[in-house]
2 protein chains.
Amino acid sequence: MVTLSNTAKSHLDEALSRSGLRSTRQREQIYAVLLKRRDHPTADEVYARAKEVMPTISLATVYNCLETLVECSLVKRLNYEREPSRFCPNDGEHAHFLDEVNGRVYDILLPEDFQESVTKILPDGFEVKKVKVTFTGYAPKGLDTNSL
Amino acid sequence: MVTLSNTAKSHLDEALSRSGLRSTRQREQIYAVLLKRRDHPTADEVYARAKEVMPTISLATVYNCLETLVECSLVKRLNYEREPSRFCPNDGEHAHFLDEVNGRVYDILLPEDFQESVTKILPDGFEVKKVKVTFTGYAPKGLDTNSL
DNA sequence: TTGATTTTTGGAATCATTCCAATTTACTTC
DNA sequence: GAAGTAAATTGGAATGATTCCAAAAATCAA
Ligand SMILES: [Mn+2]
Ligand SMILES: [Mn+2]
Ligand SMILES: [Zn+2]
Ligand SMILES: [Zn+2]
């Protein structure tokens with residue numbers, strides 16, 4: 001029904017219970033779908049992939065699960081202009097690169113001191129909680145989104 | 001009808017004609033509204049402000065004009081999660097800071113070498129066209145959005 | 001097993017934005 | 001400055017991702 005490594009499964013269970021939420025088949029399935037191909041799919045795409053292995057899952061549930069995973073900090077929601085949200089199961093700090101030609105989004109590893117150093121550009125008095133960096137341009141050819 | 005400095009007016013006219021577009025009362029009005037209070041209003045807010053001085057303008061026109069201004073690179077469109085787009089008439093390179101408490105967006109001046117230096121974190125082969133930086137947190141109290 | 005609480009589900013509702021066809025306006029040419 | 005053509009504006013309908021809702025199903029503790 002799902003394909004979720006033991007470590008991913010316990011990562012999920014811990015994050016859910018930390019938020020006082022239950023581990024369900026649907027939540028596991030959605031998380032598994034995201035981890036399998038780290039290509040930043042939309043809710044509709046997640047729905048399609050989840051249905052292949054869990055045909056009775058509903059779109060509403062996909063939205064619910066994605067929202068839950070985002071709130072547990074297991075998944076990030078990405079928004080480009082007014083397009084449908086995309087979802088990223090990479091819970092580490094990283095930037096995103098959107099390829100203008102193929103429409104794909106690549107995760108970009110950030111240097112250790114990045115948040116600290118970029119925060120220096122703020123005038124005195126600004127207290128930063130989060131920094132988001134998004135690149136747009138052309139990614140190198142033949143690069144798999146799973147590889148980053 | 002509109003309040004647009006001579007320099008702003010010619011800035012607008014030049015950008016429009018550069019794109020082969022006409023300068024209209026509505027486009028001038030929308031641009032004037034944005035310049036008057038640089039607080040990153042939504043299309044609805046722009047509509048409300050424009051109607052005060054041009055009561056017959058339509059919401060469709062506001063959307064059209066905003067889109068036109070964005071395409072002329074006179075205005076930037078900002079998107080936060082799934083909220084309505086906001087618009088910024090600051091055409092220079094800058095970052096944005098969203099205050100989580102008051103919901104306001106502040107323009108953040110970027111250092112000269114910023115784009116160049118942040119681009120260094122990309123692996124070889126990525127060709128950058130644009131970098132977007134967005135901060136979230138708490139802005140200093142009593143700061144006017146027009147002042148930045 | 002029972003009962004209380006969450007979660008899932010299908011479908012309706014939302015709402016920012018886009019689309020459309022008709023009217024008006026702007027620019028060019030005579 | 002009248003006429004013709006292209007571009008822009010307008011009100012209202014349509015769109016579509018997302019959210020909402022109330023009923024059914026699943027989970028958990030007792
Ligand atoms: Mn992603
Ligand atoms: Mn803005
Ligand atoms: Zn990512
Ligand atoms: Zn701005």
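Below, all heavy atoms of this structure are taken into account, side chains as well, without hydrogens, waters or symmetry copies. First the proteins, then the strands, lettered A, B, ... as listed; each starts at 1.
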Pairs under 3.5 angstrom, nitrogen or oxygen only, protein versus nucleotides 21-23 of chain C, please.
none

query: Any Lys/Arg nitrogen of A:R49 or A:D39 sitting under 4.0 Å from an Asp/Glu carboxylate oxygen of the other?
result: yes
query: Is any side-chain N of the basic residue among A:R86 and A:E45 closer than 4.0 Å to the acidic one's carboxylate O?
result: no
Rounded interatomic separation in angstrom, taking [atom1] from [X] and [atom2] from [N]:
| X | N | atom1 | atom2 | answer |
| --- | --- | --- | --- | --- |
| A:E81 | C:dT18 | CD | P | 10 Å |
| B:E45 | C:dC15 | CD | C1' | 15 Å |
| B:E71 | C:dT18 | CD | C1' | 14 Å |

- prompt: Would you say A:R27's side chain and A:R22's backbone share a donor-acceptor pair under 3.5 angstrom?
  reply: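 It does hold such a pair.
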query: Are any side-chain N or O atoms of A:D91 and backbone N or O atoms of A:S73, one a donor and one an acceptor, separated by less than 3.5 Å?
result: no
- request: Evaluate the criterion side-chain contact (heavy atoms from CB on, under 4.5 Å) for residue pair B:Q115 and B:V131; output intermediate values, then yes/no.
  value: CA-CA 7 Å; B:Q115 168 130 4; B:V131 185; 3.9 Å; yes
Nucleotide-resolved protein contact map, nucleotides 11-21 of chain D, B/S/- at heavy-atom distance under 4.0 Å: B-----SBB--
- request: Give me the residues of residues 18-37 of chain B where at least one heavy atom lies under 4.0 Å from an atom of DNA chain D, by number, or none.
  value: B:L21, B:R22, B:T24, B:Q26, B:R27
- prompt: How about B:N90 and B:D107: does a side-chain donor come under 3.5 Å of a side-chain acceptor?
  reply: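 B:D107 and B:N90 do have a side-chain donor-acceptor pair below 3.5 Å.
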statement: Here the pair of heavy atoms bringing B:T136 nearest to B:F97 is C-CZ, 4.2 Å
Which atom of B:T119 lies closest to which atom of A:F135, heavy atoms considered: CA-CE2, 4.4 Å
Sole residue of B:T7, B:D13, B:L12 in side-chain contact (heavy atoms from CB on, under 4.5 Å) with B:K9: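 By the side-chain contact (heavy atoms from CB on, under 4.5 Å) criterion, B:K9 pairs with just one of B:T7, B:D13, B:L12: B:D13.
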message: Counting only heavy atoms from other residues, nucleotides and ligands, does the tally under 6.0 Å from CG of A:D113 exceed 12?
response: yes
